[in-house]
Amino acid sequence: QDGLDVKQETTVWEAVVRWVQHSKEERRHHLPSILSHIRFQLLTSDDMAAILEHPLIRENPGSSEIIRNEVQGKAFNPKTRVGMDTQEMVLLVSARTNEIIYMNPRVGRHISCEYAEICPPFMATTVTSDNDIYILAQEPGAPHGVWHTQLNLLQYNHVENEWEHISTVDRSMENGLPSEEFLVEAGGHLFYLAVKLSLTIDMMVAVKKYNRCTHQWQECSQPRIDGTSDISVAVSCSPHLYFLTNAEVLRYDPSKDQWCRRSPPKTIPMLFTAVAMGTEIYCTDLRFSKTVVYDTESDTWQELPGFPNPRNHPVEIDGPVLFVLENHLHILLHTYSLGSEDLGKIYVYDSSAGVWKDINTAMPVEEWNFYGPLCPVARMYLPCLNNRSTEDGSNVCQ
């Protein structure tokens with residue numbers, strides 16, 4: 001199938017070998033018919049030589065001849081599978097249309113695709129460890145400004161480049177709708193967090209787990225927040241889910257359905273965005289004035305440099321958002337300066353030098369938003385995106 005998510009054709013051959021060897025006597029007679037579905041033209045000469053010397057091929061008369069016929073009889077440039085042409089990309093959402101902008105600032109590329117099946121504004125987005133992309137959004141065609149108690153959970157189909165409705169979640173809380181909403185994967189499960197922020201009473205957090213078999217949501221234990229807060233973030237790190245405010249850090253263990261308290265951040269003025277990389281969680285404040293990193297294993301915090309802004313060039317920052325792309329920490333900023341328009345800037349953190357560096361990339365011309373404490377990053381299939389990209393010539397910007 002063209003839609004196989006494999007980076008190399010050797011993966012297909014290895015899967016065939018495992019399948020046959022699992023019940024060799026019963027299955028090896030199927031090998032000749034299966035070989036015709038392997039795209040041997042995509043393999044290197046070394047891979048081909050190794051396959052021809054494999055015991056399964058040598059033990060089955062005629063198998064090597066089938067392989068040689070397949071190589072000689074097919075086109076020199078065979079069609080690749082979708083997983084062979086992928087790229088990590090940041091997902092941004094158009095502020096005005098049903099478009100999603102897929103961007104890799106490290107290579108100067110962005111692709112815009114419009115989807116009739118989604119309806120902004122989105123409440124939350126996430127990308128799982130299996131590269132599944134989910135969005136919580138309102139019903140398409142819902143009146144602008146009308147907030148519903150039900151949200152649609154949509155999953156992205158990479159091969160078809162479309163969004164599929166798979167479930168509905170009830171977002172209603174005591175005394176109205178949540179102030180903030182998060183969609184987070186932890187321990188192989190998808191969780192929805194509805195947060196009621198307050199500066200006068202203790203904040204409330206409702207947690208639900210998605211069952212992929214029944215497409216239903218299950219109530220989970222709620223964290224007990226002792227105090228008020230006007231901001232919060234939820235992020236996944238390793239098998240746990242972390243919920244952070246300016247004064248508290250709580251860790252959720254999905255295997256036990258239990259919350260516990262961890263060391264809170266003490267040096268960050270107003271927590272705004274957070275992202276996990278490895279076993280660490282990076283956080284910064286609303287103005288990107290102070291960045292801190294939390295080590296989940298040692299339960300300790302460390303301060304990193306903030307925004308590298310020269311004093312003679314006053315710049316205002318609004319709504320920074322962290323993301324991890326190709327194993328590097330990035331931050332996307334809205335910046336304002338006297339006499340200039342709103343500019344989108346992206347910096348990458350150089351851990352060896354301990355500095356943030358402007359990568360000087362061209363940002364999409366569209367107005368865009370993000371939903372959640374971080375920009376979701378996914379491995380996207382470029383041929384599938386290009387088949388549905390917008391026709392205004394802006395699908396690739398280099």
Side-chain angles (χ1 to χ4, degrees), residues 124 126 129 178-189 191-207 209 220-307 320-324 327-331 349 351 354-356 372-375:
T126 195
S129 56
S179 311
E180 293 182 333
E181 294 162 280
F182 304 101
L183 199 57
V184 183
E185 182 207 27
H189 298 282
F191 292 89
Y192 166 70
L193 286 79
V195 183
K196 195 75 170 180
L197 300 171
S198 175
L199 291 175
T200 57
I201 59 175
D202 289 349
M203 65 187 300
M204 296 175 55
V205 182
V207 184
K209 181 173 70 173
C220 300
S221 63
Q222 299 183 12
R224 190 169 66 89
I225 311 293
D226 296 328
T228 63
S229 179
D230 62 346
I231 201 162
S232 66
V233 299
V235 63
S236 172
C237 188
S238 192
H240 298 115
L241 187 158
Y242 289 82
F243 185 78
L244 301 88
T245 71
N246 286 326
E248 291 191 85
V249 174
L250 295 102
R251 187 182 70 185
Y252 177 72
D253 186 340
S255 65
K256 300 178 181 178
D257 191 29
Q258 291 180 353
W259 291 87
C260 67
R261 279 182 162 75
R262 307 293 282 171
S263 297
K266 297 180 180 179
T267 60
I268 191 165
M270 184 179 289
L271 181 67
F272 187 79
T273 176
V275 68
M277 185 165 62
T279 60
E280 297 177 323
I281 299 176
Y282 293 82
C283 313
T284 193
D285 63 337
L286 181 62
R287 302 302 178 193
F288 191 30
S289 63
K290 186 168 291 188
T291 306
V292 293
V293 56
Y294 173 65
D295 189 316
T296 61
E297 294 183 331
S298 63
D299 191 30
T300 57
W301 291 84
Q302 178 183 351
E303 188 171 335
L304 298 179
F307 181 45
V321 58
L322 292 163
F323 62 93
V324 175
N327 295 318
H328 288 83
L329 180 67
H330 294 72
I331 192 162
Y349 183 65
S351 56
V355 296
W356 291 91
L374 57 91
C375 268

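Along the sequence shown, the residues carry numbers beginning at 1.
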*Under the side-chain contact (heavy atoms from CB on, under 4.5 Å) criterion, do Tyr252 and Cys220 qualify, and how do the steps go?*
CA-CA 10 Å; Tyr252 177 72; Cys220 300; 3.8 Å; yes
*Rounded to the nearest 0.5 Å, what's the gap from CG on Leu241 to NZ on Lys209? Could you check?*
12.5 Å
*asked:* I want to check something: taking the side chain as every heavy atom from C-beta on, are Val233 and Thr273 in contact at a cut-off of under 4.5 Å?
replied: no
*If you measure from NZ on Lys290 to CG on Asp285, what distance do you get to the nearest 0.5 Å?*
8.5 Å
_Leu183 CG to Glu181 CD distance, which is reported to the nearest 0.5 Å_ = 10.0 Å
_Note, Val184 side chain near Tyr192 side chain (heavy atom, < 4.5 Å)_ = no
*Contacts of type side chain to side chain contact (heavy atoms under 4.5 Å, CB included), residue Pro223, not counting sequence neighbours*: Val205, Val207, Ile225, Leu250, Trp259
_CD-CG distance between Gln222 and Asp257, expressed to the nearest 0.5 angstrom_ = 10.5 Å
_Closest contact, heavy atoms only, Ala274 versus Leu322_ = CA-CD1, 4.1 Å
*With no hydrogens and no angle check, is any side-chain donor or acceptor of Ser179 less than 3.5 Å from a backbone partner on Lys196?*
no
*Would you please name every residue forming a side chain to side chain contact (heavy atoms under 4.5 Å, CB included) with Thr279, sequence neighbours left out?*
Thr296, Glu297
*For residues Pro320 and Ile331, report the shortest heavy-atom separation together with the two atoms involved.*
CB-CD1, 3.7 Å
*Going through the distances and angles, do Trp301 and Ser263 end up as a side-chain contact (heavy atoms from CB on, under 4.5 Å)?*
CA-CA 8 Å; Trp301 291 84; Ser263 297; 4.2 Å; yes
*How close do His330 and Trp356 get, heavy atom to heavy atom, and via which atoms?*
C-CZ3, 4.2 Å
*Hey, do the aromatic rings of Tyr349 and Tyr282 have their centres closer than 6.0 Å?*
no
*Which residues satisfy the side chain to side chain contact (heavy atoms under 4.5 Å, CB included) test with Ser232, sequence neighbours excluded?*
Glu180, Phe182, Val195, Leu197, Met203, Phe243, Thr245
_Shortest non-hydrogen contact between Pro254 and Ala186, atoms and distance_ = CG-O, 3.8 Å
_Between CG on residue Leu286 and CE on residue Met270, distance to nearest 0.5 Å_ = 6.5 Å
*Determine the minimum heavy-atom distance between Arg261 and Arg224, stating which atoms define it.*
NH2-O, 2.6 Å
*asked:* To check you understand the geometry: which heavy-atom pair defines the closest contact between Val235 and Leu374, and what is its length?
replied: CG2-CD2, 4.1 Å
*Close side-chain approach of Ser236 to Phe191, heavy-atom, < 4.5 Å*: no
_Reported CG-to-OG1 distance for the pair Leu329 and Thr291, which is rounded to 0.5 angstrom_ = 8.0 Å
_Pair Thr300, Asp295: side-chain N/O donor-acceptor within cut-off below 3.5 Å_ = no
*Would you say the side-chain atoms of Thr126 and Glu185 include a donor-acceptor pair closer than 3.5 Å?*
no
